[in-house]
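Comments concern the structure below.
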2 protein chains.
Amino acid sequence: MAHRVTINDVAARSGVAISSVSSALNGRPGVSEATREKILAAAEELGFVPSVRGRSLAGKKTFSVGLVVHRDPDVLELDPFFGGFIGGIESYIDERGFALVLQTSPGASEILERYRRLAAGRRVDGVFLNELEVDDARVPTVQDLGLPAVGIGADDAFPLPSVRQDHRPGIDALVEHLTELGHTHFAFVGGPPRFVHSRQRELAWRESLTARGITPGPVVDGGFTYEGGIAAANALLANRTRPTAVICANDLSAMGFIAQAQHHGFDVPGDLSVAGYDGIQLGSYLRPTLTTIQTSPNQIGFEAARLLLQAIDGEPTVDVNVPAAELVIRHSTGPVPSSN
Amino acid sequence: MAHRVTINDVAARSGVAISSVSSALNGRPGVSEATREKILAAAEELGFVPSVRGRSLAGKKTFSVGLVVHRDPDVLELDPFFGGFIGGIESYIDERGFALVLQTSPGASEILERYRRLAAGRRVDGVFLNELEVDDARVPTVQDLGLPAVGIGADDAFPLPSVRQDHRPGIDALVEHLTELGHTHFAFVGGPPRFVHSRQRELAWRESLTARGITPGPVVDGGFTYEGGIAAANALLANRTRPTAVICANDLSAMGFIAQAQHHGFDVPGDLSVAGYDGIQLGSYLRPTLTTIQTSPNQIGFEAARLLLQAIDGEPTVDVNVPAAELVIRHSTGPVPSSN
DNA sequence: TTGAAAGCGATACCAC
DNA sequence: GTGGTATCGCTTTCAA
């Protein structure tokens, strides 16, 4: 391979000092327009691409940001969030010369260690904190490490910059949709309560119902998984007084729930309306297609990246609220059965 | 944040020169056991973590490898391969101090540019070449750039190190399974023909049939997508002489195919047996559950990472064949309909 | 075996 | 407006 083109080559080629080349290429003042053009031409001609290695040592930035996916790699397969989220991050950072370092961490215990190593080795300039838990241990960790971080879907009191997408309007619209169809018996299939967004979704469901004078029905944990949805269906459909409208905290558990309800001989939505949350593509492939609330992982990723790069540059940040998730009515919800 | 601990601190603490510290910490010879231990103790005590920045500048390695996902971020959501693949990569490189840089590239035209920039900026030490195409333009690109690379699922003549998983045994077992059930009319729903693995799977199907004296039936392109599977079903089921056994090049198109077949009033597997390829988790959630061929993205990722790091270190590599993908019989395949 | 010093490729400061 | 030069944190000769 040909010898790499360095800043020295550009300097020699254009007959100036490397400091001028650096200034010119980075658009800093202190270079005459004439020399700037000369330098730009030389750089172009030589095909100069600044070495990230050199830049990071000198500039004390690595030009990369980290995302630790704290789950089994297998689960990543089924999680609809990451694809869009990563895409959103990329579309912002890429133009700014940053790259995304992705790590996966099987066990929860190892996560903090991952963050610590990322920070200690100064491998990344900042990290995303997704799937926040209540009293998330990562928060004090990054604070101690002085590692810039942005939270995703945090509660209001969150001490770091964060990006949110309101659950309320979507769930409100869903509840309204179902009440208009005559439903009065609502159940909720939640996510693991340690997750902030599990609680937020359940709370939105609860408040939306009580605001309409409806008493919230049973809540069971669906664990955000297909299997959890199956278990939830077993639990909720065994009782004589079963709900007619079931809202699940994510699409995957809604899929499991519907499959199991059908297995028990219930027609969806004839006997039972079921809705999910997320808006995964598969929802439109199911039978019945899934009524859900469409989130915006791509946009969340984009805004989170923007905040993180601001935080890295030491600029003040303003939390972002992306437009609320919206109701998508498909065919898993319908009129309340008259026999009920 | 406290001042970063550098190699100088460790040297000062243990009363030796930084060069000795470097040697000791990297397990190189030329340090007495006594000083080595002294240095190790000091490093431990100070909590020294070498700066990747410094190491990479001096050592001319970045300690990171790149994966460019050349697709819409949306598609990443539905692709079952990447989760396991990335997990496999991680589990190898992580212990060796490497990190994975993930890039997404929406358009095919931009891909080469991404690789070029990764290489030019020396942001990564090597890259994975996945979803290889026939006459893939990335191959000459990385060769020109002198960028170490490992191909995934390449054909035999591939000029770079590569990891393969044989399609033949799995498809062979699937064909045997179906012939034992009495099927003689086989169709194939392929992937886009530009992909090497599309061709490999079709070829395996074709050869497996002819080896049994069965004439391969129609082949249509399912594009590896759900929608493609729908279109394929429309195409294949319109004819009077329709196949009774349909093998799809991936699970997603099999899902679309089955849904559309059902939509047309066919019972699967009563009227029609359908099988997929990949072994995605969702396959076991469908109705009927999906007979498929289980691939090993995790293992492929692991081996690919191993090869790539060898290549980066300039060591000779030997191509790897991970154990062949295996048939998983579920409920979308059954006896040939007697009326046919 | 140990230590001093020269890079690696940029940035940034400071004379000129 | 310029061009030296110290500097970042480490690896790697090369003397001592």
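The chains referred to below are lettered A, B, ... by the order of the sequence lines, with proteins before strands, and numbering in each begins at 1.
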What's the CG-C1' distance between A/N8 and D/dG4, to the nearest Å?
-> 13 Å
Between atom CZ in B/R123 and atom P in C/dG9, what is the gap in whole Å?
-> 16 Å
Just jot down the ring-ring contact (aromatic ring centres under 6.0 Å, His included) partners of B/F302, sequence neighbours excluded, or say none.
-> B/Y92
Answer with base, sugar-phosphate or nothing: what part of the nucleic acid does B/S19 contact at a heavy-atom distance below 4.0 Å?
-> base
Is it true that a side-chain atom of B/R36 and a backbone atom of B/A24 form a donor plus acceptor pair closer than 3.5 Å?
-> yes
Tabulate below the donor-acceptor pairs under 3.5 Å that side-chain atoms of residues 10-20 of chain A make, not counting sequence neighbours, or state none.
unit_1: A/R13; atom_1: NH2; unit_2: A/E45; atom_2: OE2; d: 2.2
unit_1: A/S14; atom_1: OG; unit_2: A/V10; atom_2: O; d: 2.6

To the nearest Å, give me how far apart CG (A/L46) and C1' (C/dG9) are.
-> 15 Å
Output the residues of residues 21-45 of chain B in contact with DNA chain D, where contact means a heavy atom of the residue under 4.0 Å from an atom of the strand; sort by number or write none.
-> B/S22, B/N26, B/R28
Using a 3.5 Å limit on both pairing distances, list the dot-bracket string of DNA chain C from the 5' end; Watson-Crick and G-U wobble pairs count, crossing pairs take [ ], interstrand pairs take |.
-> ||||||||||||||||
Tell me, which pairs form a salt bridge (charged side-chain N to carboxylate O under 4.0 Å, His left out) where one or both residues lie in residues 300-310 of chain B, sequence neighbours left out?
-> B/E303-B/R306
Find the distance A/R53:CZ to C/dA10:C1' and express it as a whole number of Å.
-> 11 Å
Which residues satisfy the side-chain hydrogen bond (donor to acceptor under 3.5 Å, both in side chains) test with A/Q310, sequence neighbours excluded?
-> none
Mind checking A/R55 for me? I need base, sugar-phosphate or nothing, with any heavy atom below 4.0 Å counting as a touch.
-> sugar-phosphate
Considering residues at least two apart in sequence or located in another chain, which fulfil the salt bridge (Lys or Arg N to Asp or Glu O under 4.0 Å) criterion with B/R164?
-> B/D156, B/D319
Have a look at A/G15 and say if it touches a base, only the backbone sugar-phosphate, or nothing, with a 4.0 Å heavy-atom cut-off.
-> sugar-phosphate
Using a cut-off of strictly less than 4.0 Å between a heavy atom of the residue and any atom of DNA chain C, enumerate the qualifying residues of residues 56-64 of chain A by number.
-> A/L57, A/A58
Those residues at least two apart in sequence (or on a different chain) that pass ring-ring contact (aromatic ring centres under 6.0 Å, His included) with B/F98 are B/F63
Return all side-chain donor-acceptor pairs below 3.5 angstrom for residues 148-155 of chain A, not counting sequence neighbours, or 'none' if the list is empty.
unit_1: A/D155; atom_1: OD1; unit_2: A/Q200; atom_2: NE2; d: 2.9

B/I18 CD1 to D/dT7 P: how many Å, rounded?
-> 14 Å
Could you give all pairs that pass the salt bridge (charged side-chain N to carboxylate O under 4.0 Å, His left out) test and reach residues 82-105 of chain B, with sequence neighbours left out?
-> A/R114-B/E90, A/R114-B/D94, A/R117-B/D94
Taking distance alone, no hydrogens or angles, what donor-acceptor pairs closer than 3.5 Å link side-chain atoms of residues 52-60 of chain A to residues at least two apart or in another chain?
unit_1: A/R53; atom_1: NE; unit_2: B/S56; atom_2: O; d: 3.2
unit_1: A/S56; atom_1: OG; unit_2: A/V52; atom_2: O; d: 2.7
unit_1: A/S56; atom_1: OG; unit_2: A/R53; atom_2: O; d: 3.0

Under 6.0 Å from the CD atom of A/E315, do we count more than 12 heavy atoms belonging to anything else shown?
-> yes
Which part of the nucleic acid, if any, lies within contact of B/V16, taking any heavy atom under 4.0 Å across all strands shown: a base, the sugar-phosphate backbone alone, or nothing?
-> sugar-phosphate
